[in-house]
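Naming convention: chains lettered A, B, ... in sequence-line order (proteins, then strands); numbering from 1 in each chain. As a basis for the values below, the full set of heavy atoms in this structure was taken, side chains included, without hydrogen atoms, waters or symmetry mates.
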Amino acid sequence: MLSAHEDNELVSRCLQGDSTAFNHIVDKYQQRIYNIAFRMTNNHDDALDLAQESFIRIYRALASYKGESAFSTWIHRIASNVCLDELRKKKRQPLVALSTDATMSGEEGEYSIEFAAGDEDTPEQHLLRNEVRREIALALSQVSPEHRIVLVLRDIQGYSYEEMAEIIGVNVGTIKSRLNRARIALREVLRAAEHLPKQQRLSVQKGG
Amino acid sequence: VAMNCEWISDHLTEVVDGLLTPAEQELVDAHLATCEECSSLIEELRADAFALQTLGQVEVPIDLRKRVADAIAKPKVTKNPWKFFVPRLAPVAAAVLVSVLSINLVPTYLASRTKSLQMAPEGVGQFQTVGIAAEPPQPQAKSGTGDIVVDDKQTVESSTESNPSMRNSSVTFSVTTIDGAEMSTFGAAAESEKPSMWMVSSAAGSTVFLLWGALVYHWYKRQ
């Protein structure tokens with residue numbers, strides 16, 4: 001547990017007033033926190049705001065971190081709560097606000113949702129893969145934030161049920177049943193989209 | 001385990017993630033081989049999970065680190081209402097309280113004092129005081145020895161002249177000694193205690209206080 005030991009040392013340095021120690025914490029976790037925020041909002045501007053807000057809250061709560069869970073888990077819990085709180089606030093606003101960053105232009109579409117580069121795809125495979133990614137990213141933004149967070153943590157960030165239970169603060173059984181419902185909810189969004197022609201499908205999901 | 005569609009639908013995520021015990025996995029495989037509905041659902045869910053996995057990780061914007069560092073370098077904005085309001089409102093509240101009390105209580109006191117001071121005829125070495133019940137003893141002058149014995153009440157009275165709220169009242173007190181005879185002049189000219197004046201002053205004071213309070217509240221809200 002070198003990593004956990006390192007975290008605890010960074011936390012105590014922060015609490016002693018070492019301002020560089022928190023930079024190390026940010027460097028270490030920003031990739032994971034930003035990716036959760038990005039997948040939750042489907043939008044880089046909002047993701048940047050939420051990731052920033054998460055780190056500020058983490059910084060201010062450092063003194064209350066007592067080590068009852070791993071520091072990594074604790075950080076993820078704060079970040080998830082920041083994202084969920086913001087999305088619940090936004091619930092009353094139209095969904096189009098969530099995907100303003102997802103701009104389409106032309107048949108192929110310049111699509112600002114970023115995808116990890118595929119390894120050695122043929123151009124055809126590459127196109128097909130991007131198509132699938134585009135649709136799944138949009139579908140993810142259509143399910144409820146409570147379902148989205150478990151899908152993001154499990155399938156995109158790769159956490160175990162046990163880790164997710166600690167992050168979300170419920171027991172493993174609850175995580176499993178929430179994942180069951182989340183998978184079904186995502187499937188229903190995709191199934192509904194499959195009944196629409198491609199162009200219309202994307203523009204409808206974009207919020208039109 | 002009774003393996004059926006219900007069991008599958010209760011354990012979807014474990015089936016999709018392949019997190020079953022070998023015994024369970026065997027039963028699930030047997031069920032899926034015979035149940036078209038379950039097997040196509042599981043197949044779709046596996047494809048969805050795989051598609052989510054292929055989204056992978058995005059790059060973090062380079063300014064996140066700097067934005068965080070800048071934000072935490074700023075002094076914390078306190079959101080505790082007590083910590084915010086008490087230092088800002090306490091001095092004003094105290095000042096308003098003192099001024100409201102003084103403009104309401106002091107004139108009443110002074111008015112009762114000036115009434116008690118009768119105009120003493122000039123050249124007569126004595127003057128009469130008309131006491132009011134519960135009032136402190138009035139300034140006294142004694143004749144015969146050439147001394148004027150006054151008690152410290154005079155200081156109180158002379159200080160009231162500088163009270164700006166007593167603008168239309170004046171209490172003058174002069175003692176002259178001519179050839180061993182005391183000549184005392186008391187001028188007690190309280191035009192009137194105008195109650196409306198004090199009400200206006202305290203209303204103005206309260207208004208200023210309320211406006212300041214509103215300003216501080218607005219200031220707090222903006223933070």
* Structure fact -> Sorted by chain and number, sequence neighbours left out, side chain to side chain contact (heavy atoms under 4.5 Å, CB included) with B:V216 holds for B:F84, B:F85, B:R88, B:L89, B:W212, B:W219
Taking all non-hydrogen atoms of both residues, which atom of [X] and which atom of [Y] are closest, and how far apart?
X	Y	result
B:L55	A:A137	CD2-CB, 4.2 Å
B:A71	A:I56	CB-CD1, 3.3 Å
A:Q52	B:V68	CA-CG2, 4.1 Å
B:V58	A:Q31	O-NE2, 3.1 Å

* With a 4.5 angstrom heavy-atom cut-off, could you sort out which part of A:L140 is near chain B: side chain, backbone, both or neither? => side chain
* Under 4.5 Å, heavy atom to heavy atom: which of residues 163-181 of chain A reach chain B? Give them by number, or say none. => A:K176, A:L179, A:N180
* Structure fact -> Per side-chain contact (heavy atoms from CB on, under 4.5 Å), A:D155 is matched among B:T54, B:L52, B:V16, B:T13 by B:L52
* Contacts with chain A made by residues 28-37 of chain B (heavy-atom distance under 4.5 Å), listed by residue number -> none
* Structure fact -> dist A:F38:CZ -> B:Q57:CD (nearest 0.5 Å) comes out at 11.0 Å
* To do: Evaluate the side chain to side chain contact (heavy atoms under 4.5 Å, CB included) criterion for residues A:R183 and B:D48: first the C-alpha distance (whole Å), next the side-chain angles of each, then the deciding distance (0.1 Å), finally the verdict.
  => CA-CA 8 Å; A:R183 293 194 187 288; B:D48 294 346; over 6 Å; no
* Asked: When only pairs under 4.5 Å are counted, which of A:L48, A:L151, A:N23 shares the most heavy-atom pairs with chain B?
  -> A:L48
* Inter- and intrachain pairs under ring pair (Phe, Tyr, Trp, His ring centres under 6.0 Å), touching residues 149-190 of chain A, at least two apart -> A:H76-A:Y159
